[in-house]
Amino acid sequence: MKNAMQIIGVVALLFWGCGSGSDNGELSEVNLDSLLQAKKANEAAKLPDEVVADIIKSIPSPLEMTALIKASGAEYSQNILNNTGNTENYTTNFNRSLNLGVYSADLGYINIYEKTSRSVSYLNVVKQLADELKVGQFFDFSTIKRLAENNRNIDSILYISTSGFEQMDKYLKEKNRGNLSMLILLGGWTESLYIAGQVARVSKNPAEKLVEKIGEQKIVLDDLILLTGMYRNEPGFPELIEDLNNLKKAYSDVTITYTYGEPEMKEVDGVLVVVDNSSSKVNITENQLDSVIAAISALRNKIIS
Amino acid sequence: MKKNILFLLMLYLSGIKAGAQCEDEKFLDNCAALLDKFVFVKSFNIDQGKSKTGGEIEYSYVLSKGTSYLITICDQAEKGNRLILELYDRNKKLIVSSYNKKDKKYYPKIAYPCAATGVYYLKYRFEGSKESCGVSILGFDKK
């Protein structure tokens, strides 16, 4: 069956308005000091909208991770994915957004493996959560479902879904609901890293490319911590940030080394093709990989529970 | 005087029209069609009117080692005001430009098989000073 459907946790967010504390002129030095420190921390956490949007835009699509998992030769595993029956547990916009990202990444995984009979049930929960978040209008679910059921062109399905996410992102930004965008993005990234981790864990000799890909996520994690920090005063975020910091600790000794090489260019059938002579190498030990997998599993399992 | 007002009005409306064209779904669809077998990842809108850095618009994206990317560049095809993309690496070293100065050639597609994971910068600018817009799309090879 040559078909699939995928929805990526793309997205963006807006800004975070910082509140101020009371000022009664009778604060002790200690209180004043702590207030000033808190204010400093808040200011550091504020980023201009354009910067935030740029960071969000720079986060890689979970689709890339999923495609690599399949390319590594790993077998499809339904047990790894979040159960569609869990949706009734997601009663707040915080949980709905995170799990919209999770299910979207799952859908990508299912369809990259061309398990189309499964994709429709995941598409339904994505629709349900998107509707509950009032962003379902950006996805042409009927067309996507029809294409999936008829085993039509996977690229068309991916395009419709992904561009739908971009429109949703834009809308959420305009409506000052950037925190939800952020959570959808985080949910998708977490799920794709979790799936990669599980594939690596069960494999006696995981593909080097897959291990490197897991190690590379250290680059993305720093940005995600920066973004979630902007919402740390909102419900649910402090615990999320703590879990992300635990993941950061697991990544602390993972290093990436680079070697520069002058690029070369050639034209092939009217396309300018770059021959990249630079290279990078992720240095990650087995123990470090285990720690990363444990930390991402803890985070992911909290998200879906 | 009337002629001047009319001219300014036309100039203003042509600006709106150009911006609207680039935000049109069809414009995006046509640009996405250039991806061929590459999977759509992100689109980048380039509206010179919204640039805060003297006409240049910059985006960044984490490109991954071992993945082949294709970047499409779509503009209004106005002579003297073509859209140019320059791709820079994590150290802001130029990798490639969609405009070949030597041959005076504009490339609508750049293929980049990435060999080093990291943050890359996509800088867009129009060669002329006229306000214009365009779209650029990043895709990857899922194989």
Side-chain angles (χ1 to χ4, degrees), chain A residues 4 6 8 10 50 53-55 57-61 63-68 70-71 112 154-155 158-163 165-167 170 208-209 212-213 215-217 219-220 223 256 258-282, chain B residues 25 28-29 32-45 50 52 58-71 87 89-91 93-100 103 105-121 137-143:
Chain A
Q6 172 80 341
I8 312 172
V10 182
E50 311 90 67
D54 284 350
I55 295 172
K57 196 101 180 167
S58 74
I59 305 292
S61 157
L63 258 186
E64 290 186 44
M65 176 74 89
T66 311
L68 183 75
K70 190 185 177 197
I112 284 285
I154 174 179
D155 294 335
L158 294 173
Y159 173 57
I160 296 169
S161 320
T162 310
S163 55
F165 260 101
E166 285 201 335
Q167 288 171 41
K170 195 177 168 192
E208 193 186 332
K209 270 188 181 178
E212 279 220 22
K213 190 86 173 174
E216 287 169 3
Q217 299 309 306
I219 299 170
V220 180
D223 282 344
I256 303 172
Y258 295 91
T259 308
Y260 178 75
E262 197 72 36
E264 294 167 54
M265 258 58 74
K266 59 182 179 183
E267 187 182 320
V268 180
D269 298 332
V271 180
L272 185 59
V273 180
V274 182
V275 179
D276 190 1
N277 292 314
S278 295
S279 62
S280 67
K281 179 161 177 50
V282 175
Chain B
E25 264 183 51
L28 183 71
D29 291 346
L34 296 177
L35 287 174
D36 297 328
K37 291 290 172 190
F38 285 75
V39 177
F40 177 100
V41 180
K42 288 207 178 172
S43 66
F44 304 99
N45 286 312
K50 290 178 185 169
K52 289 178 183 173
E58 183 182 291
Y59 291 100
S60 60
Y61 190 77
V62 177
L63 297 179
S64 196
K65 175 185 170 179
T67 303
S68 285
Y69 296 92
L70 187 78
I71 308 168
L87 178 68
D89 72 7
R90 52 190 275 279
N91 292 320
K93 272 192 174 176
L94 179 66
I95 297 172
V96 63
S97 168
S98 65
Y99 176 57
N100 183 331
D103 301 333
K105 191 167 181 180
Y106 301 89
Y107 289 92
K109 296 198 254 188
I110 294 176
Y112 184 60
C114 181
T117 295
V119 179
Y120 288 74
Y121 300 90
I137 296 177
L138 175 71
F140 80 98
D141 188 352
K142 63 179 179 292
K143 286 174 188 170

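Below, chains carry the letters A, B, ... as their sequence lines are ordered, and counting in each starts from 1.
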Polar contact flag, side-chain donor to acceptor under 3.5 angstrom, S64(B)-E64(A)
no
Between K213(A) (side chain) and K65(B) (backbone), is there a donor-acceptor pair under 3.5 Å?
no
What part of [X] gets within 4.5 angstrom of chain A, counting heavy atoms only: side chain, backbone, both, or neither?
| X | answer |
| --- | --- |
| S97(B) | backbone |
| V62(B) | both |
| D89(B) | side chain |
| Y69(B) | side chain |

Passes side chain to side chain contact (heavy atoms under 4.5 Å, CB included), F40(B) versus S61(A)? Steps please.
CA-CA 10 Å; F40(B) 177 100; S61(A) 157; over 6 Å; no
Contact leader toward chain A among Y59(B), F44(B), Y120(B), where contacts are heavy-atom pairs under 4.5 Å
F44(B)
Evaluate the side-chain proximity of L272(A) to V96(B): yes if any heavy-atom separation is below 4.5 Å, no if none is.
yes
Can you tell me if CD on E208(A) sees more than 12 non-hydrogen neighbours from other groups inside 6.0 Å?
no
Can you confirm whether D103(B) is buried at CG, in the sense that more than 12 heavy atoms of other residues, nucleotides or ligands lie under 6.0 Å from that atom?
yes
List the atom of [X], the atom of [Y], and the distance in Å for their closest heavy-atom pair.
| X | Y | answer |
| --- | --- | --- |
| I59(A) | Y61(B) | O-CE1, 3.6 Å |
| E166(A) | V41(B) | OE2-O, 4.4 Å |
| A115(B) | S278(A) | CB-O, 3.1 Å |
| G270(A) | P108(B) | O-CD, 4.4 Å |

Max heavy-atom pair count under 4.5 Å with chain B, selected residue of [options]:
| options | value |
| --- | --- |
| I55(A), I256(A), D276(A) | D276(A) |
| K209(A), E262(A), E212(A) | E212(A) |
| I219(A), V273(A), V271(A) | V271(A) |

The criterion is side chain to side chain donor-acceptor pair (under 3.5 Å); which residues satisfy it with K70(A), sequence neighbours excluded?
none
Between atom CG of L28(B) and atom CD of Q167(A), what is the distance when rounded to the nearest 0.5 Å?
8.5 Å
Would you give the length of the straight line joining atom CG of L63(B) to atom OG of S280(A), rounded to the nearest 0.5 angstrom?
11.0 Å
Between Y107(B) and M265(A), does the side chain to side chain contact (heavy atoms under 4.5 Å, CB included) criterion hold? Intermediate values first, please.
CA-CA 12 Å; Y107(B) 289 92; M265(A) 258 58 74; over 6 Å; no
Trace of the side chain to side chain contact (heavy atoms under 4.5 Å, CB included) decision for Y258(A) with N91(B):
CA-CA 11 Å; Y258(A) 295 91; N91(B) 292 320; over 6 Å; no
Test side chain to side chain contact (heavy atoms under 4.5 Å, CB included) on V39(B) and L63(A) and set out the steps.
CA-CA 9 Å; V39(B) 177; L63(A) 258 186; 3.8 Å; yes
